[in-house]
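What follows is a short report on a single structure.
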Amino acid sequence: MKVITTPVVKNQEISKNIRRLSVEFDSVIKPGQFFMLKTTDDAFLLPRPLSVNDVNDNIVSFLYRIEGKGTKRISSLKENDKIQVFGPLGKGFDLENLKGKTAVIGGGIGIAPLLYLCKVLGKKADVYLGYKDSENMYIFDEFKSFTDRCIIVTEDGSFGEKGFVTDYVDYEKYDAIAACGPEAMMNKLVSVCKAKNIKCYLSLERRMACGMGACLGCTVETKAGNKRACKDGPVFDSEELV
């Protein structure tokens, strides 16, 4: 990991309140890892954790939703503006655990870190993406470049299938599942995978202040006691979790 101040390559809107930030950064990055990002003008005190959306040579991209002061300030950055990045951080997806047929399942902004995973896994992964409605969809077409099967689900049925993405997964086909999304979606996956004896790996969304495990602000309850999402995760084996 390293801390550098680097130029913005792109910072573009791709959907309602969703933007993709691309910066120069040359390092080995694993799918599921994240960075802490901060503007150089000290407009906000604490850096913001953003998961890696994609990596292309020396360009790393982050997908984020504009929600508060920090992400709003990041959204205002233009090409060649400088930003401080610290990473890559955390434990990403262990590709040794995803050797068989894999289902990659994402919901909402949790879809963000799964594109790079699918890119690395290649055609052996099927993709299931869940959105609230057609107005809140993004990058689903990019997933189709890395998989032969991509199922799109919207809660209101305005695009693709109607309902919840977890209802459309052909669970029996898979050796493992990798997922990121809302807590209700993750809870459903843990329950189903436990009943069907399928390995399940989850990237958990937590608020993080330091990114290094020092502040203990991103605690995750596990069967072995409390762990830190930033240091021990954010990817966990579902069998670990309480």
Side-chain angles (χ1 to χ4, degrees), residues 28-34 51-56 60-61 63 88-131 139-153 160-161 163-206 220-224 227 229 231-242:
V28 176
I29 302 171
K30 295 179 180 180
Q33 289 188 300
F34 68 97
S51 59
V52 173
N53 173 239
D54 197 11
V55 178
N56 290 290
V60 57
S61 300
L63 215 62
L89 299 167
K91 184 183 74 173
F93 289 98
D94 186 346
L95 300 183
E96 290 297 312
N97 295 327
L98 302 175
K99 283 186 173 180
K101 187 65 175 178
T102 302
V104 175
I105 306 170
I109 197 63
I111 289 169
L114 300 178
L115 182 67
Y116 184 42
L117 174 63
C118 289
K119 187 176 185 178
V120 172
L121 286 176
K123 297 291 185 177
K124 72 175 184 179
D126 291 343
V127 178
Y128 299 82
L129 305 176
Y131 301 90
I139 69 167
F140 66 93
D141 52 332
E142 296 180 33
F143 279 89
K144 295 179 180 179
S145 301
F146 308 119
T147 180
D148 291 328
R149 188 168 191 238
C150 184
I151 306 300
I152 310 297
V153 183
E161 306 292 345
F164 299 107
V165 66
T166 49
D167 295 330
Y168 289 89
V169 181
D170 299 324
Y171 294 97
E172 287 78 7
K173 291 176 54 178
Y174 303 108
D175 301 298
I177 285 175
C180 185
E183 188 169 339
M185 184 196 93
M186 306 281 254
N187 286 338
K188 175 67 178 294
L189 288 175
V190 170
S191 177
V192 173
C193 288
K194 182 178 181 180
K196 297 182 179 293
N197 196 30
I198 304 169
K199 295 297 294 182
C200 182
Y201 301 93
L202 307 176
S203 178
L204 303 185
E205 298 175 326
R206 291 291 188 275
V220 176
E221 188 178 2
T222 76
K223 294 174 183 176
K227 292 189 177 183
K231 190 75 173 179
D232 304 306
V235 177
F236 289 88
D237 184 329
S238 66
E239 293 180 4
E240 296 181 64
L241 303 174
V242 175

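Every value quoted in this text rests on a predicted model; they were computed, and no experiment measured them. Position 1 is the first residue of the sequence, and the numbers go up from there.
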Does [Y] offer a backbone N or O that forms a donor-acceptor pair with the side chain of [X] under 3.5 Å?
| X | Y | result |
| --- | --- | --- |
| Tyr116 | Ile29 | yes |
| Glu142 | Ile139 | no |
| Thr147 | Ala125 | yes |
| Lys124 | Leu98 | yes |
| Thr102 | Gly100 | yes |

Shortest non-hydrogen contact between [X] and [Y], atoms and distance:
| X | Y | value |
| --- | --- | --- |
| Cys200 | Leu189 | SG-CB, 4.4 Å |
| Met185 | Gly107 | SD-N, 3.8 Å |
| Gly106 | Ile111 | C-CG1, 3.6 Å |

Ring pair (Phe, Tyr, Trp, His ring centres under 6.0 Å) involving Tyr174 - partner list, sequence neighbours excluded:
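Per chain and number, Tyr174 pairs via ring pair (Phe, Tyr, Trp, His ring centres under 6.0 Å) with no residue.
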
Trace of the salt bridge (Lys or Arg N to Asp or Glu O under 4.0 Å) decision for Lys188 with Asp167:
CA-CA 10 Å; Lys188 175 67 178 294; Asp167 295 330; 3.2 Å; yes

Does a salt bridge link Lys223 with Glu239, judged by any charged N lying under 4.0 Å from a carboxylate O?
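Looking at Lys223 and Glu239, the cut-off is not met.
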
Note: Lys101-Asp126 ion pair, threshold 4.0 Å (strictly below)
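So Lys101 pairs with Asp126 through a salt bridge.
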
